[in-house]
Amino acid sequence: MTHILHRSIGPELPRAVAGEGVWITDADGKRYIDGSGGAAVTSLGHGNAEVLDAMRAQMDAIAYAHTSFFTTDAAESLADRLVALAPEGLDYVYLVSGGSEAVEAALKMARQYFVEIGQPQRRHIIARRQSYHGNTIGALATGGNEWRRKQFQPILPETHHVSPCYAWRDMAEGETPDDYAARLAAELEDKIIELGADQVIAFVAEPVVGATLGAVPAVPGYFKRIREVCDKYGVLFIMDEVMCGMGRTGTIFAHEQEGVVPDIVTIAKGLGGGYQPIGAVLLSAKIYDAFRDGSGLFQHGHTYIGHPIAAAAADKVVEIMSRPGIMDNVNAMGQRLQQGLEAALRQHPNVGDIRGRGLFRGVELVADRETREPLDPALKTHAKIKKAAMARGLMCYPMGGTIDGVRGDHVLLAPPYIINAEEVDQIVERLTGAIRDVLG
Ligand code: PLP
């Protein structure tokens, strides 16, 4: 009997009682390998002593100070560190408590920017179908995932969506990646013109699409073209790195691999590594200056923004992940994971595509490898694989609706950055077993 409204009502969940490295232990003593970092959260693994010490030190000093009265060393240090690590052009940080809050803040920041600079007519947000940007109303409206939006549609603010960059399914036969990128950039441009060349606030995209597509990076050159279209119409470019950022794809910021600098970046998840709920928005000096020279404030705020213990935890998490060797391990173990999955699953009749970057990998499942026909959604294959994997002591993050919110299944993997080769092989073995349990 539980008094918690859990995510799903019904199945009894095991009780997590301990965590160490890439392992979680439940109340029955069963051990699970955290192959998905929860939902791509546990960047440094469980029980990191240095992070826990940093949190304790902050708790002993002061646990909470409201940000309208005080700043703290922890928050200042974290902001300095993030700006120092970010590509040039992202000079300020706004701290929040999670990914959805980061996206909400980014949207309001973008809107207020145009009010400050005398373009208050701008009112449209454009994002992509098959994206996920969070579950609060504004973030949910921004996301393009049909099943998540459907029942809330009547209360969502108006948002517009264009195609994702999903080459494995959507690149036409005979089309080169460059043609495909150009086609998608033209689609964005057409949408901006349709809404009014001076009416659009921002374009929002995940550099590597996580929860909804299963670790899908864009084709080379796509984001450069997107940046050009945004610049042409004075539209702000927001990159949502809540899931793929903070080292997940092998660089601290995922967009570093795209050769473009967005105006606003959202981060969370791996930033706090699960030690504390924290998110952040990085913004360009152009936006900061507009606030400073205009109304003198960003009209936003929550009670817990810049929370000292969260900031202290994140500051230590980011300091550790930026030490020499950690990103090398993400890249090396990511390669091993990709190769291991390919060796074990390439020939499986229901495995369509294996993809991703760094320790962010996705396996897309199909009914037919040749035609790429998806599995019947009524089978709920993704849910069965999650259950089978848990039975085998593996946490992975399967999801349905990959193609259009209804059809398609994939499994997302996002283990901690400290994983070793033997543990990577365990993930491959257990996931292969779970897929065979369900699909034969
Ligand atoms: N943005 C992206 C890209 C995400 O993947 C998520 C969560 O999965 C969010 C935003 C929302 O973050 P949170 O669940 O911390 O609110």
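Counting convention: from 1, in listed order, for ligands and their atoms alike. Throughout, numbering of the chain's residues begins at 1 and tracks the sequence.
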For ligand 1, which part of A268 has a heavy atom less than 4.0 Å away: the side chain, the backbone, both, or neither?
neither
Part of E206 with heavy atoms under 4.0 Å of ligand 1, whether side chain, backbone, both or neither:
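Just the side chain.
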Checking the N or O distance criterion of under 3.5 Å, is ligand 1 in contact with [X]?
{"X": "Y397", "answer": "no"}
{"X": "D240", "answer": "yes"}
{"X": "E101", "answer": "no"}
{"X": "G99", "answer": "yes"}

Are the charged groups of [X] and [Y] less than 4.0 angstrom apart, N to O?
{"X": "E364", "Y": "R169", "answer": "yes"}
{"X": "E228", "Y": "R225", "answer": "no"}
{"X": "E50", "Y": "R56", "answer": "no"}
{"X": "R129", "Y": "E146", "answer": "no"}

Verify the ring-centre separation between H160 and H124: is it less than 6.0 angstrom?
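Ring centres of H160 and H124 closer than 6.0 Å.
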Under 6.0 Å between ring centres, would you say that holds for H307 and Y64?
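Yes; Y64 has its ring centre under 6.0 Å from that of H307.
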Under 4.0 Å, counting heavy atoms only: does E241 come that close to any atom of ligand 1?
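No, that is not the case, since the closest heavy atom of the residue is not under 4.0 Å from the ligand.
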At what distance is the nearest protein heavy atom to atom 5 (O) of ligand 1, and which residue and atom is it?
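It is M243 CB, 3.4 Å.
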Of all the non-hydrogen atoms in the protein, which one sits nearest to atom 14 (O) of ligand 1, and at what distance?
S100 OG, 4.4 Å
Ligand-side contact atoms (ligand 1) for residue partner K269, heavy atom cut-off under 4.0 Å
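Answer, ordered by atom number: 5 (O), 6 (C), 7 (C), 8 (O).
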Using a 4.0 Å cut-off to any heavy atom of V242, which atoms of ligand 1 qualify?
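It comes down to these atoms of ligand 1: 1 (N), 2 (C), 4 (C), 6 (C), 9 (C), 10 (C), 12 (O).
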Please determine if R227 forms a cation-pi arrangement with F237, meaning its NZ or CZ atom is less than 6.0 Å from the six-membered ring centre and no more than 45° off the ring axis.
no
Against T212, only a single residue in M243, M399, R148 fulfils side chain to side chain contact (heavy atoms under 4.5 Å, CB included); can you say which?
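The residue from M243, M399, R148 that satisfies side chain to side chain contact (heavy atoms under 4.5 Å, CB included) with T212 turns out to be R148.
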